[in-house]
Amino acid sequence: LSGPLAQLLAFGLLAYFASGERVVAQLAAARAGQPPLHVEGVLSAAAPETPARISIDLHPDFGTRISDDRGGRWVIQRGRVLDGTLLPLPAWLPDLEVLALRRESELRAWLVGQGIDASANELARCGDGDCYVLGTRQSLAQLWVEKRSFEVRRLVLPGRGPTDLEEWRAFEKIRFPARVELASDGATATIAVESVAVAPSLGAADFSAAWVRAAPSV
């Protein structure tokens with residue numbers, strides 16, 4: 001085939017493979033069976049009040065809890081900040097809950113809650129490859145998903161700078177970004193991930209306001 005017919009066919013195939021609905025379904029399929037995760041990392045930022053270390057628990061049912069070496073604690077559930085020792089969220093604190101969601105219905109609900117329109121989708125370069133951009137680059141809310149691996153590469157949310165998830169690799173056979181970079185108001189914070197492991201047994205109480213209030217003094 002050549003000429004307009006070939007161009008039309010190519011456009012049709014691209015639109016099919018880049019369907020936002022299909023991207024969401026495959027992203028959930030890639031996460032099926034993923035266990036709760038415990039992440040440890042070193043934080044670097046220019047702000048003097050920035051802690052040096054950060055711990056993150058990602059649970060598909062209960063959300064995300066974050067603690068730092070200065071006694072800070074936060075709980076995020078389905079994109080909503082349940083509680084925290086410092087609010088609004090510090091610019092260096094990432095929301096990585098999307099990496100824990102493993103059911104398609106929950107992923108779709110999270111996208112809606114964050115204002116990301118999964119029906120609006122486009123392809124864009126990310127690093128050495130291509131990403132699907134749910135919401136498109138023109139939106140205030142975007143989710144970038146690597147086309148081949150279906151790994152999340154960037155998250156853009158209203159009121160916060162972009163979060164880039166780079167250098168994906170295996171930590172004890174668990175794929176996770178080795179570097180998380182957050183940009184806000186011209187400043188940048190970077191989390192160098194040191195370890196990722198299956199989280200210990202955690203329940204709803206571990207992701208509650210009571211857990212935040214029980215933060216030890218440092």
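Keep in mind it's a predicted model, so treat the numbers as computed, not measured.
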inquiry  = Run L93 and I66 through side chain to side chain contact (heavy atoms under 4.5 Å, CB included) and show every step you take.
reply    = CA-CA 8 Å; L93 194 151; I66 304 168; 3.2 Å; yes
ask   = Would S149 and E146 satisfy side-chain hydrogen bond (donor to acceptor under 3.5 Å, both in side chains), going step by step from the backbone distance to the final call?
value = CA-CA 6 Å; S149 64; E146 209 280 333; 3.1 Å; yes
key: Trace of the salt bridge (Lys or Arg N to Asp or Glu O under 4.0 Å) decision for R103 with D61   = CA-CA 10 Å; R103 301 182 185 92; D61 298 320; 3.0 Å; yes
request  = Dump the intermediate steps for side-chain hydrogen bond (donor to acceptor under 3.5 Å, both in side chains) on S195 and E40, then the final yes or no.
outcome  = CA-CA 5 Å; S195 65; E40 294 281 347; 5.8 Å; no
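Under the 3.5 Å distance criterion, the side-chain polar atoms of E97 are matched with a main-chain donor or acceptor of R78. Between the side chain of Q26 and the backbone N or O of F150, no donor-acceptor pair lies under 3.5 Å. In this structure, R31 contributes its side chain and V98 its backbone to a donor-acceptor pair below 3.5 Å. A donor-acceptor contact shorter than 3.5 Å is absent between the side chain of Q114 and the backbone of I116. A donor-acceptor contact shorter than 3.5 Å links the side chain of S208 to the backbone of W211. With N121 contributing its side chain and V133 its backbone, the two residues share a donor-acceptor pair below 3.5 Å.
Salt-bridge formation is not detected for the pair E167/R169: no Lys NZ or Arg NE/NH1/NH2 atom is positioned less than 4.0 Å from an Asp or Glu carboxylate oxygen. Looking at E21 and R108, a side-chain N of the basic residue comes within less than 4.0 Å of a carboxylate O on the acidic one, giving a salt bridge. Ionic pairing of D130 and R125 is present here: one or more N-O contacts between side-chain nitrogen and carboxylate oxygen are shorter than 4.0 angstrom.
W74 does not carry R65 over the face of its six-membered ring by the limits of under 6.0 Å from the centre and within 45° of the normal.
V212 places a side-chain heavy atom less than 4.5 Å from the side chain of T85. Within the 4.5 Å cutoff, the side chain of V42 has heavy atoms near those of the E194 side chain. Using a 4.5 Å heavy-atom cutoff, the side chains of V156 and R154 are in contact. Side-chain contact between V81 and L89: present, with at least one pair of heavy atoms (C-beta onward) separated by less than 4.5 Å. When side chains are defined from C-beta on, W144 does not count as touching L155, because their heavy atoms never get closer than 4.5 Å. Under the 4.5 Å side-chain criterion, counting only non-hydrogen atoms from C-beta, F171 is in contact with V193. Looking at heavy atoms from C-beta onward, D83 lies in side-chain contact with R213 at the 4.5 angstrom threshold. No side-chain heavy atom of E166 sits less than 4.5 Å from a side-chain heavy atom of P177.
Hydrophobic clustering, with ILVMFWY side chains joined whenever heavy atoms are under 4.5 angstrom apart, groups Y132 together with L107. Residues V198 and I56 fall within the same hydrophobic cluster, defined by Ile, Leu, Val, Met, Phe, Trp and Tyr side chains chained together at heavy-atom separations under 4.5 Å. Residues L43 and L86 share a single hydrophobic cluster, defined by chaining ILVMFWY side chains whose heavy atoms lie under 4.5 Å apart. No continuous path of ILVMFWY side-chain contacts below 4.5 Å connects L58 to F62, so the two sit in separate hydrophobic clusters. In the hydrophobic clustering of this structure, L37 groups with I54; members are Ile, Leu, Val, Met, Phe, Trp, Tyr whose side-chain heavy atoms approach within less than 4.5 Å, directly or through other members.
Relative ring orientation between W168 and F176 is described as tilted, the plane-to-plane angle lying within the 30° to 60° band.
At most 12 heavy atoms of other shown residues, nucleotides or ligands fall within 6.0 angstrom of atom CD in E172.
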